[in-house]
Amino acid sequence: MIDNLSLPELVAQMFVVRASGCLFDHQIRYPEWEPTSSKLRYYLEKLGVGGVILVGGSAAELAVRSHQLQSWAKFPLLLAADIEEGVGQRFAGATWFGPPMAIAEVARHDAGKADRYAEQMGAVTAIEARAIGLNWIFAPVVDVNNNPDNPVINVRAFGETPEIVGKLAAAFIRGAGQHPVLTTAKHFPGHGDTAVDSHLELPVLPHSPARLAQVELPPFVEAIAAGADAVMSAHLLIPAWDAEFPATLSRKILIGKLREELGFEGLIVTDALVMGAIANKYGANEAAVLAAEAGADVLLMPLDPEGAILAVCEAVTQGRLGISQIKESVKRIWSAKAKVGLLVKEKEKAVNSTLMESIDLSLLANPQARSTAADILRDSLKFGGSLPLVAKKPSENQLLRNLIVVDDVLGCEFLGNHTPAIAIPAKYGYELQLIDDRTGAIAENTGAEHFSPTLLQIFIRGNCFRGSAGLTEAAQDWFKKLLKTGELQAVLIYGSPYVLEQFLPHLPPSIPYVFCFGQMPAAQSLALELLFGINETGNA
């Protein structure tokens, strides 16, 4: 069939566009990136775009959404999501694991258990992805996070050494590989040793070829050997390999290193082309052309899909790109589609029999999957000081304060009056005070005039677009203030272990602390139950 496709149809198969996982246009949260239903249907039905990456909505919504998109599509779709921490990370209701670095923490004490956890996490993620119509997992992260200041990889990595990262990433791939989904090792050749977020600007990896071969590349070698279906490129400039183009746009790196040296034969997919590291310099459409020239098979998240398709077609007609290279990419894409049960020659059969038979909401968040997720979090907890904390009744004119510090109050989907970080302290008489970096100076938010025994809970981790991996000014100021006044009763940190390391040298040994890699409600429960000595029956 590939020989029967027009040039625009061939090129369109190389593109994966972003869309909201919600069903209705009024639910779209990022209109710059997420098209309306009519525009999205045009991309799929008329242009023949090859895939969609989905963000937002519940798992149940996505089951309906995935069927809707497949029914619109000219050709069966690869449906992808960034579900590095399980399907529940992006789609409410499914299993949400802690970040991969939690398993790396387990590996410090029990390598065999960590290996089993990573494999189980991969299997659960694959089962639940298929259960809601997804067939492409943009995971695992194979970067070695050996830079504590890394603002974007951070706890998304499986660890800080190539040995642990390679072993755990390979285990995740083995687990997922038991099911008909595609896995993706990212971000080639390694985004771990950077202090710049490529969503915002272009990082430079200044290392020698010898260092790259020693640290950055080995986990990708293991991931490929374990059967990774795709490798995602990083928006990084690596002068030792290519002083002109970032890895995503470098033929020396994608073909010379990944294809020829490492022998990778699967899909090469770019990181999102809307990211600042690429878009700021090259523009939306030219970036797509350069990535295709460099050897990428799949062009992810162009800002203007139709314009980018036309630009790549024009590059072919002008002789910049060979039609044979385009066809080779489409062959790889269709082979991948066949692997996950999408039969391109029989579109209706593929959609109706393969997709709908796989959708089964009963497979989501079953007790065993949730128990595994909780075990990983529990086994990776860090704690110290005088535990458990006995919440004493404050004297007259005082209050017990539950001070929660977050990056952005409006973006905290893991917090609410019902979630443990707020609900459990409330049972002990703690009154909530919620702070972020927009809230203002301490003087404006002190709360009680008198001494206030304070439980300090901090939610901080590296994330896309955050720009920093460390403490916010608000978190630092409150920690110092509470230590100085003697108000600090206990500290709970959710997210980055590097934040804990910044606190520990200043924390008196008598003050209890608990650290959890996760930030979701299950993580909050585990941390607070440990802090207050709450047993499984809910009693202190």
Do [X] and [Y] touch side chain to side chain, with heavy atoms closer than 4.5 Å?
| X | Y | result |
| --- | --- | --- |
| V16 | V269 | no |
| P305 | L47 | no |
| V298 | L78 | no |
| W136 | T184 | yes |
| I153 | H187 | yes |
| L432 | I404 | yes |
| Y498 | N145 | yes |
| W96 | E85 | yes |

Can you name the nearest heavy-atom pair linking [X] to [Y], along with the distance?
| X | Y | answer |
| --- | --- | --- |
| G416 | I422 | O-CD1, 3.3 Å |
| M101 | N154 | CE-O, 3.2 Å |
| P420 | L528 | O-CD1, 3.2 Å |
| A223 | V142 | CB-CG2, 4.4 Å |
| G159 | A104 | CA-CB, 3.7 Å |
| A228 | T183 | CA-OG1, 3.6 Å |

Distance from [X] atom [atom1] to [Y] atom [atom2], nearest 0.5 Å?
| X | Y | atom1 | atom2 | result |
| --- | --- | --- | --- | --- |
| I173 | E119 | CD1 | CD | 11.5 Å |
| E45 | L40 | CD | CG | 10.5 Å |
| R156 | Q89 | CZ | CD | 8.5 Å |
| I127 | Q178 | CD1 | CD | 8.0 Å |
| L168 | Y117 | CG | OH | 12.5 Å |
| C412 | L434 | SG | CG | 7.0 Å |

By side chain to side chain donor-acceptor pair (under 3.5 Å) - contacts of [X] (at least two apart):
| X | result |
| --- | --- |
| R370 | none |
| S371 | none |
| K339 | D229 |

Short question: side chain of [X], backbone of [Y] - any donor-acceptor pair under 3.5 Å?
| X | Y | result |
| --- | --- | --- |
| T270 | L300 | yes |
| S66 | I132 | yes |
| Q524 | A421 | yes |
| Q519 | Y494 | yes |
| D25 | T36 | no |
| D408 | L410 | yes |
| R90 | D82 | yes |
| D360 | A131 | no |
| E34 | R18 | no |
| S58 | A92 | no |

Check: Relative to F91, does R65 satisfy both conditions: NZ or CZ under 6.0 angstrom from the six-membered ring centre, and within 45 degrees of the ring's axis?
Finding: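 Here R65 fails the 6.0 Å and 45° test against F91.
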Checklist line | Residue pair F75, L5: steps toward the side-chain contact (heavy atoms from CB on, under 4.5 Å) verdict | finding: CA-CA 11 Å; F75 304 106; L5 297 186; 3.6 Å; yes
Next item on the list: List for me each residue that meets side-chain contact (heavy atoms from CB on, under 4.5 Å) alongside T194, sequence neighbours excluded, and say none if there are none.
Entry: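 Testing T194 for side-chain contact (heavy atoms from CB on, under 4.5 Å), a comparison that skips the adjacent residues, returns N150, H191, P203, L205, L236.
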Note to self: Restricting to side-chain contact (heavy atoms from CB on, under 4.5 Å), what partner residues turn up for K331, sequence neighbours left out?
What the structure shows: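 Counting only residues at least two positions away or on another chain, K331 forms a side-chain contact (heavy atoms from CB on, under 4.5 Å) with I2, E328.
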Notebook entry, point to check: Is the NZ atom of K327 crowded by more than 12 outside heavy atoms at less than 6.0 Å?
Noted result: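 It does: K327 NZ has more than 12 such atoms within range.
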Item checked: Neighbour count above 12 (heavy atom, 6.0 Å) for Q325 CD ->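 More than 12 within 6.0 Å, yes.
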Check: Does the pair K74 and L44 meet the rule for a side-chain contact (heavy atoms from CB on, under 4.5 Å), with working shown?
Finding: CA-CA 6 Å; K74 190 173 189 175; L44 305 182; over 6 Å; no
For residues 306-315, dump all side-chain donor-acceptor pairs below 3.5 Å to protein atoms at least two apart in sequence or in another chain.
unit_1, atom_1, unit_2, atom_2, d
E306, OE2, Y42, OH, 2.7
E314, OE2, Q318, NE2, 3.0

Next item on the list: Examine the side chains of E128 and T95 and answer whether a donor and an acceptor come within less than 3.5 Å of each other.
Entry: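 Judged by distance alone, the side chains do pair up.
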Item checked: side-chain contact (heavy atoms from CB on, under 4.5 Å) assessment of I376 paired with I103 -> CA-CA 6 Å; I376 293 170; I103 302 181; 3.7 Å; yes
Notebook entry, point to check: What is the ring orientation for F515 with F517, classed by angle as parallel under 30°, tilted 30 to 60°, or perpendicular over 60°?
Noted result: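 F515 and F517: perpendicular rings.
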Note to self: Please verify the inter-ring angle class for H26 with F24; under 30° counts as parallel, over 60° as perpendicular, anything in between as tilted.
What the structure shows: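 Ring orientation of H26 relative to F24: parallel.
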Check: Does the separation of the ring centres of F459 and F414 fall below 6.0 angstrom?
Finding: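 That pair passes the under 6.0 Å test.
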Next item on the list: Apply side-chain contact (heavy atoms from CB on, under 4.5 Å) to the pair F97 and T125, showing each step before the final yes or no.
Entry: CA-CA 9 Å; F97 289 89; T125 302; 4.3 Å; yes
